[in-house]
Amino acid sequence: MLSVLLLLGGLAPALPAGPHWTYEGPHGQQHWHEGHPECGGRAQSPIDIATARAQPDPSLPPLRPEGYEHPESPELTLANNGHTAVLALPPSLRLRGLPRAFAAVQLHFHWGRPGHAAGAEHLLDGHRAPAEVPGAAGDSSKNGLGWQGGGLRASPSLTPLTPQVGDEPHPAYDNILRHLGNIRYAGQTVAIPSFSIRDLLPAQLERYYRYNGSLTTPPCFQSVLWTLFPQPVRISRAQLEQLQGSLYSTEEGEQEQPQLLVDNFRAPQELNQRPVLSSFPREPEGYSTGEVIAIVFGAVAGCLGLFLAVHFGAKRMRARRAQAQDVVFKASSRR
Ligand SMILES: *[C@@H]1O[C@H](CO)[C@@H](O)[C@H](O)[C@H]1NC(C)=O
């Protein structure tokens with residue numbers, strides 16, 4: 001965690017920061033492009049993947065997470081940034097099987113609202129799973145971590161596809177979900193005991209969809225190489241409800257009535273001729289809808305950007321409220 005923060009510190013002056021954003025309302029997703037032009041681009045995420053039109057590419061290798069079973073740090077930091085719950089990952093976690101070497105940065109969640117089972121961002125054949133868990137990794141070569149012309153260059157994110165709801169609680173997800181009560185309000189963080197991050201991922205890391213897209217939150221940089229695992233990860237209904245009902249998007253004491261953090265997913269974006277590849281042959285029988293999506297653990301070439309964006313977004317929010325003149329805030333307002 002420490003090295004991640006150091007890295008962020010190094011990048012801070014170059015970071016573009018924009019206006020406050022939300023999913024709905026006057027700062028909602030239809031308006032993101034006003035303050036963040038790239039959100040109106042032609043290679044945006046998420047998308048609805050038409051599985052029958054995905055192009056099989058047998059040269060795509062299985063994704064190989066290294067060091068995920070035993071993260072080096074004894075504790076991991078879980079934060080509520082007002083938009084989602086973010087688990088920071090130590091850079092000792094490496095992701096192989098991508099065009100370049102990538103180091104883990106964070107993973108986070110997208111979900112719906114209590115009583116509504118749909119909250120994932122990526123759709124498979126029009127089907128929206130209950131939740132999505134994108135993991136973010138950054139290009140571990142020095143060049144790749146720099147910001148080039150306003151965009152984050154190549155850092156893939158790994159997205160475990162949407163979780164499917166079952167009867168049994170998923171023990172690995174419990175390592176995260178049981179701590180949500182400690183970060184109910186935006187801006188809160190908690191140190192949680194380290195656990196095997198590998199166990200959050202689906203078993204079959206050789207079956208995935210791959211396409212070039214963007215961060216799904218402002219600044220929407222189009223530098224993400226998405227990897228979407230269609231194999232479901234099953235969490236229990238109680239776990240899903242925990243995700244949907246634990247967090248507020250507002251800070252403690254900010255409002256008399258705290259706002260539940262719900263429906264934090266972006267609408268599907270136009271594909272615009274982008275190819276979607278699959279690492280496996282087309283299946284004649286197809287998937288039965290409803291069976292399809294579990295957690296998306298995607299290898300994004302830009303989830304690092306998301307992390308940076310949410311990190312500084314939250315920081316900026318706090319800074320603005322406190323009228324504090326910290327470096328990050330100054331760096332952002334200079335723009
Ligand atoms: C993504 O974009 C890169 C750079 O343009 C290209 O080389 C690669 O083939 C693209 N990958 C996919 C899955 O479209």
Side-chain angles (χ1 to χ4, degrees), residues 23-24 28-30 32 39-57 83-84 107-113 115-136 156-166 201-202 204 207-218 220 222 224-235 240 243-244 262-280 282-283 285-303 306:
Y23 283 93
E24 297 293 336
Q29 38 188 313
Q30 305 90 317
W32 287 357
C39 296
R42 293 181 55 81
Q44 289 288 294
S45 295
I47 58 169
D48 182 357
I49 294 179
T51 58
R53 283 209 290 276
Q55 303 164 17
D57 180 350
H83 300 298
T84 184
L107 60 81
H108 60 273
F109 295 82
H110 300 279
W111 61 87
R113 56 172 63 237
H116 291 261
E121 297 209 294
H122 284 88
L123 311 186
L124 277 193
D125 293 329
H127 177 74
R128 193 188 292 282
E132 182 173 320
V133 188
S157 101
L158 181 65
T159 296
L161 261 172
T162 331
Q164 194 174 41
V165 179
L201 308 184
Q204 295 176 3
R207 293 172 60 87
Y208 58 80
Y209 295 101
R210 165 80 45 88
Y211 79 99
N212 279 318
S214 74
L215 305 179
T216 65
T217 58
C220 309
Q222 297 185 155
V224 180
L225 182 63
W226 281 95
T227 302
L228 308 168
F229 300 113
Q231 187 186 27
V233 171
R234 284 167 199 276
I235 62 173
L240 179 64
L243 190 56
Q244 294 167 334
V262 292
D263 291 335
N264 56 355
F265 57 91
R266 188 187 194 191
Q269 307 291 302
E270 293 293 333
L271 192 56
N272 294 324
Q273 273 78 50
R274 280 175 287 171
V276 176
L277 308 181
S278 71
S279 66
F280 52 94
R282 198 161 287 157
E283 281 158 50
E285 76 275 20
Y287 294 100
S288 65
T289 1
E291 283 291 322
V292 184
I293 309 201
I295 291 207
V296 178
F297 203 79
V300 177
C303 256
L306 174 59

>> Could you check whether any side-chain heavy atom of Tyr23 comes within less than 4.5 Å of a side-chain heavy atom of Thr217, counting everything from C-beta outward?
In response: yes

> Side chains of Pro134 and Trp226: closer than 4.5 Å at any heavy-atom pair?
Replying inline: yes

> When you look at CZ of Arg274, are more than 12 heavy atoms from neighbouring residues, nucleotides or ligands closer to it than 6.0 Å?
Replying inline: yes

> Just checking, any donor-acceptor pair under 3.5 angstrom between side chains of Gln44 and Glu270?
Replying inline: no

> Got a donor-acceptor contact below 3.5 angstrom from the Gln231 side chain to the Pro202 backbone?
Replying inline: no

> Less than 4.5 Å apart, any side-chain heavy atom of Gln273 and any of Arg42?
Replying inline: yes

>> Between Arg53 (side chain only) and Val276 (backbone N and O only), is there a donor and an acceptor less than 3.5 Å apart?
In response: no

> Roughly how far, to the nearest 0.5 Å, is CG of Asp48 from NE2 of His127?
Replying inline: 11.0 Å

> Is there a side-chain contact between Leu228 and Leu124, using heavy atoms and a 4.5 Å cut-off?
Replying inline: no

>> Is there a side-chain contact between Val262 and His116 in this structure, where contact means two heavy atoms from C-beta onward sitting under 4.5 Å apart?
In response: no

> To the nearest 0.5 Å, how far apart are OG in Ser279 and CG in Asp57?
Replying inline: 8.5 Å

> So which heavy atom on Cys39 is nearest to which on Pro218, and how close?
Replying inline: SG-CA, 4.0 Å

> What distance separates Arg128 CZ from Glu121 CD, expressed to the nearest 0.5 Å?
Replying inline: 8.0 Å

> What heavy-atom pair brings Pro230 and Tyr208 nearest, and what distance separates the two atoms?
Replying inline: CD-CA, 3.9 Å

> Can you name the side-chain hydrogen bond (donor to acceptor under 3.5 Å, both in side chains) partners of Arg113, sequence neighbours left out?
Replying inline: Asp263

>> Can you tell me how far apart CG (Leu240) and CZ (Arg234) are? Round to the nearest 0.5 Å.
In response: 13.5 Å

>> Please give me the minimum heavy-atom distance between Ser45 and Gly213, naming the atom from each residue.
In response: OG-CA, 3.3 Å

> Do Phe280 and Tyr209 have their ring centres less than 6.0 Å from each other?
Replying inline: yes

>> Please report the interatomic distance CG(Asn264) to NE2(His110), rounded to the nearest 0.5 Å.
In response: 6.5 Å

>> Restricting to non-hydrogen atoms, name the atom on Ala50 and the atom on Asp125 that form the minimum distance, rounded to 0.1 Å.
In response: CA-OD1, 3.3 Å

>> So Thr84 and Trp111, do their side chains get closer than 4.5 Å, heavy atoms only?
In response: yes

>> Looking at every non-hydrogen atom in both residues, tell me the closest pair between Leu123 and Pro268 and how far apart they are.
In response: CD1-CG, 4.1 Å

> Going by heavy atoms in the side chains, are Arg266 and Cys220 under 4.5 Å from each other?
Replying inline: yes

> Taking the six-membered ring for Trp, is the centroid-to-centroid distance between Tyr211 and His122 below 6.0 Å?
Replying inline: yes

